[in-house]
Amino acid sequence: MSEPAANPAATSFPAPTISLPLGLEVLRTYSGALVCVEILFGGLVWILVASSNVPVPLLQGWVMFVSLTTFFLSSAYLALLVTGLADRINTDWNFLDVIYHFIALLFYVAAFVLEAATTAANGGAYIKPLPNSTQSVMCITYPRGNIFTVLNDKQYSINVAATIFAFLVTLCYGCSMVMGFKRWRM
């Protein structure tokens, strides 16, 4: 007896390549935990920058774009792993993981630098209350660089926190990229 002919569709497309466990087990791995931290801290960057009323939209617009985009893409990636749908899509998930985290790392490095520049440029002005009055006056000193921002104390504090969380998210994306590269090369 001869063997039945192989299905051409089954031999044309390779099986999906993924070395992470699927389902809730992915949350027990370092990579799954890092994706959760990326989503959490990226959401905090987004919320903090938005709550500062984006005083420097030219610089902080990129920070908002990066934090929102990576928040939703990382959430979708984690949802694909947790639901097990990644196993049904025939692609090299390990390679896509490395590429995604590399691009997110590049974008977040730029976002971190811009957020830090926005925060650091707040040295040129301060609001001083007038003595024996309910009015205040803005005192402008010589700006230290090309960027000059006027942030009140609340906005400055929020931007400091956003800078710290942007740095932490950048580290998380870097660690995820390195771990993904090791998985991809195995």
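Hydrophobic cluster membership differs between Ile47 and Val160, with clusters built from Ile, Leu, Val, Met, Phe, Trp and Tyr side chains linked at under 4.5 angstrom. Put simply, Met179 and Met177 are part of two different groups of oily side chains (I, L, V, M, F, W, Y) that touch within less than 4.5 Å, one to the next.
Across Val45 and Ala162, no two heavy atoms sit closer than the pair CG2-O, 4.0 Å. Nearest heavy-atom pair, Leu34 versus Ser176, reported as atom, atom and distance to 0.1 Å: CB-OG, 3.5 Å. Considering every non-hydrogen atom in both Gly42 and Val169, the closest pair reads N-CG2, 3.4 Å. In this structure, Gly180 and Asp97 approach most closely via the heavy-atom pair CA-OD2, 3.5 Å. Between Thr170 and Leu105, the closest heavy-atom pair is O-CD1, 3.4 Å. Scanning both residues, Ser51 and Leu48, for their nearest heavy atoms gives OG-O, 2.9 Å.
Taking CG from Leu114 and CH2 from Trp62, the interatomic distance works out to 9.0 Å, rounded to the nearest 0.5 Å. How far CG of Leu68 is from CG of Leu73: 10.5 Å, rounded to the nearest 0.5 Å. A distance of 4.0 Å separates CD1 in Ile39 from OG in Ser75, rounded to the nearest 0.5 Å.
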Given the rule in the side chain to side chain contact (heavy atoms under 4.5 Å, CB included) test, do Asn159 and Glu115 qualify, once you have shown the distances and angles that lead to the verdict? CA-CA 7 Å; Asn159 280 306; Glu115 184 62 30; 2.6 Å; yes
Please determine whether side chain to side chain contact (heavy atoms under 4.5 Å, CB included) holds for the pair Thr163 and Thr118, giving the CA-CA distance in whole Å, both sets of side-chain angles, and the decisive distance to 0.1 Å. CA-CA 9 Å; Thr163 303; Thr118 301; over 6 Å; no
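Tyr108 is listed as a side-chain neighbour of Ser67, based on a closest heavy-atom distance under 4.5 Å. Contact annotation: the side chain of Ile103 approaches that of Phe107 to within less than 4.5 Å [non-hydrogen atoms, C-beta and beyond]. With a 4.5 Å cut-off on side-chain heavy atoms, Thr70 and Tyr100 count as touching. Residues His101 and Val35 have side chains in contact (heavy-atom distance under 4.5 Å, counting atoms from C-beta outward).
In this structure, Trp93 contributes its side chain and Ala86 its backbone to a donor-acceptor pair below 3.5 Å.
Screening Phe167, Tyr173, Phe165 for a ring-ring contact (aromatic ring centres under 6.0 Å, His included) involving Phe112 leaves a single residue, Phe167.
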